[in-house]
Amino acid sequence: MATDAAALPVAADDFATRLLRWFDVNGRHDLPWQHPRSAYRVWVSEIMLQQTQVRVVVPYFERWMQALPNLADLAAADADTVHALWAGLGYYARARNLHAAARRCVALHEGALPRDIEALLALPGIGRSTAGAILAQAHGLRFPILDGNVKRSLARYHGIRGWPGTRAVELELWALAEAHLPQTRLADYTQAVMDFGATLCTRQNPACVLCPLQDACVARREGATAEIPAPKPARTLPQRETTMLVVIDTDGRLLLERRPPAGIWSGLWSLPEAADADAAHRALARHARVEFDAGEPLPAIEHGFSHYRLRIQPVLWRGAGPIDRVAEDGVRWQPLAALDQVGLPAPVRRLLGGIAVS
DNA sequence: GAAACGTGGAG
DNA sequence: TCTCCAAGTTT
């Protein structure tokens, strides 16, 4: 902790005041969830924005609101509709949690998102930061957020050099986020700290020369903006392999299977998966009563996840005639012409795009 | 506390 | 091409 007065940051009031003044001129004031601003729209945007950048979210948000303009619509929607609207955004548990939370709001909170912090935190998918963002942005209540932008900004401003992934640093940052809260304009302030981190106090090459806090920033003074916050400890990603079946009948339909409830892409429609080509061949017999040859191996694709690297080996079968279908839950034959109506995982879409399916 | 959970942008 | 990681939460 700094001891000499010159090393101390400006007062908390000043921090918020400067940030708000900066925000009025340089902030983002025309994001789609700001006009109109409702608790439902703020909520959906906050969930979509978890670990996801604004420019990626915007088109998904617009499409979502077109289909499900209010909470009651979401609660009444079926799971496949929700999945299809989310497909491509990733972290699909967010969509399932959103759906489940909307239904809980209808059952327990008179069809609206609660304004109470504890009730909000009890809803699936809403943690402390998201709850704070909803309360501050939708209702102007005095709650802090602590997303990646705020963590980075506060760590630099206060010269906190530890990795924010540790409990101690995280708690310290929460305390600072709370201490800096202004007494008014909480919605604007919340947007201001996020805009500040996203556009000025960026991970690389922060624009310190334009910063309204530059004279009080510890990292700036110590020339340590590149070292703060400390990066996550690196590790080598494990490699996994899988085989996926591309089965097309002569009616131009593709065999899809619902992913199991746990694990990657859970609940989404996808290509049937097997451990290897032989297992894929055997699996095929479960879905279609036709004799098949060994199938045609297609070029494999590599896909990097956050925690492992996956090599997908597709194997193609084309039916000699319309394939006799076995009725089974979690299986469907989807016309290739209507494939975009299904929420398929991104690598699967890419894989299919590389095949002359028609 | 660590691991799981997706995708696309940026350097 | 490859690494890092972005408006985090859950188990």
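Letters A, B, ... mirror the listed sequences (proteins, then strands); counts begin at 1.
Atom CD of E170(A) is separated from atom P of dA2(B) by 13 Å (rounded to the nearest Å). One atom, CG of D195(A), and another, P of dA7(C), lie 10 Å apart when rounded to the nearest Å. L121(A) places its CG atom 16 Å from the P atom of dG8(C), with the value rounded to the nearest Å. Separating the CZ atom of R309(A) from the P atom of dC4(C) is a distance of 11 Å, rounded to the nearest angstrom. Going from atom CH2 of W43(A) over to atom P of dG8(C) covers 18 Å, rounded to whole Å. Here the C1' atom of nucleotide dA7(C) and the CG atom of L135(A) are 15 Å apart, to the nearest Å. The CZ atom of R152(A) sits 6 Å away from the P atom of dA6(C) (whole-angstrom rounding). Here dA7(C) presents its P atom at 13 Å from CZ of F196(A), a figure rounded to the nearest Å.
To the nearest whole angstrom, the two C1' atoms, one in dG8(B) and one in dT1(C), are 15 Å apart. If you take atom C1' in dA3(B) and the same atom in dA7(C), they sit 22 Å apart, rounded to whole Å. Between the C1' atoms of dC5(C) and dC5(B), the separation comes to 14 Å (whole Å). Distance noted for atom C1' between dT9(C) and dG1(B): 15 Å (whole Å).
In this structure, V57(A) reaches neither bases nor backbone, as no heavy-atom distance under 4.0 Å exists between it and the strands shown. As judged by a 4.0 angstrom heavy-atom cut-off over every strand, E302(A) is placed among residues making no nucleic acid contact. Across all strands shown, W86(A) has no heavy atoms under 4.0 Å from either base or sugar-phosphate atoms.
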Contacts table for residues 125-149 of chain A: side-chain donor-acceptor under 3.5 angstrom, sequence neighbours left out:
residue	atom	partner	partner atom	Å
S129(A)	OG	L146(A)	N	3.0
T130(A)	OG1	Q50(A)	NE2	3.0
Q137(A)	NE2	Q191(A)	OE1	3.1
R142(A)	NE	P182(A)	O	2.8
R142(A)	NH2	L181(A)	O	3.1
D147(A)	OD1	N149(A)	N	3.2
D147(A)	OD1	V150(A)	N	2.9
N149(A)	OD1	R152(A)	NH2	2.8
N149(A)	OD1	A198(A)	N	3.3

In a table with atom names and distances, give each donor-acceptor pair under 3.5 Å that connects a side chain of residues 234-247 of chain A to protein atoms at least two apart or in another chain.
residue	atom	partner	partner atom	Å
R235(A)	NH2	S306(A)	O	3.3
Q239(A)	NE2	E302(A)	OE1	3.4
T242(A)	OG1	E273(A)	OE2	2.6
T242(A)	OG1	A274(A)	O	3.3

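Screening residues 189-229 of chain A for ring-ring contact (aromatic ring centres under 6.0 Å, His included), with sequence neighbours left out, gives W22(A)-F196(A). Residue pairs meeting the ring-ring contact (aromatic ring centres under 6.0 Å, His included) criterion with at least one partner in residues 37-70 of chain A, sequence neighbours excluded, are W33(A)-F61(A), W64(A)-W86(A).
Taking the six-membered ring where tryptophan is involved, the planes of Y157(A) and F15(A) are perpendicular, since the angle between them exceeds 60° and thus also 30°.
Residues satisfying the salt bridge (charged side-chain N to carboxylate O under 4.0 Å, His left out) test with D73(A), not counting sequence neighbours, are none.
H35(A) places a side-chain N or O within 3.5 Å of a backbone atom of H29(A) that can act as its donor or acceptor partner.
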In the 5'-to-3' direction, what one-character label does each nucleotide of nucleotides 3-11 of chain B receive under the scheme B = base within less than 4.0 Å of a protein heavy atom, S = sugar-phosphate only, - = no such atom?
-> -BBBBSSSS
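Each of L123(A) and L31(A) lies near DNA chain C, and the nucleotide nearest L31(A) is the one positioned closer to the 5' end.
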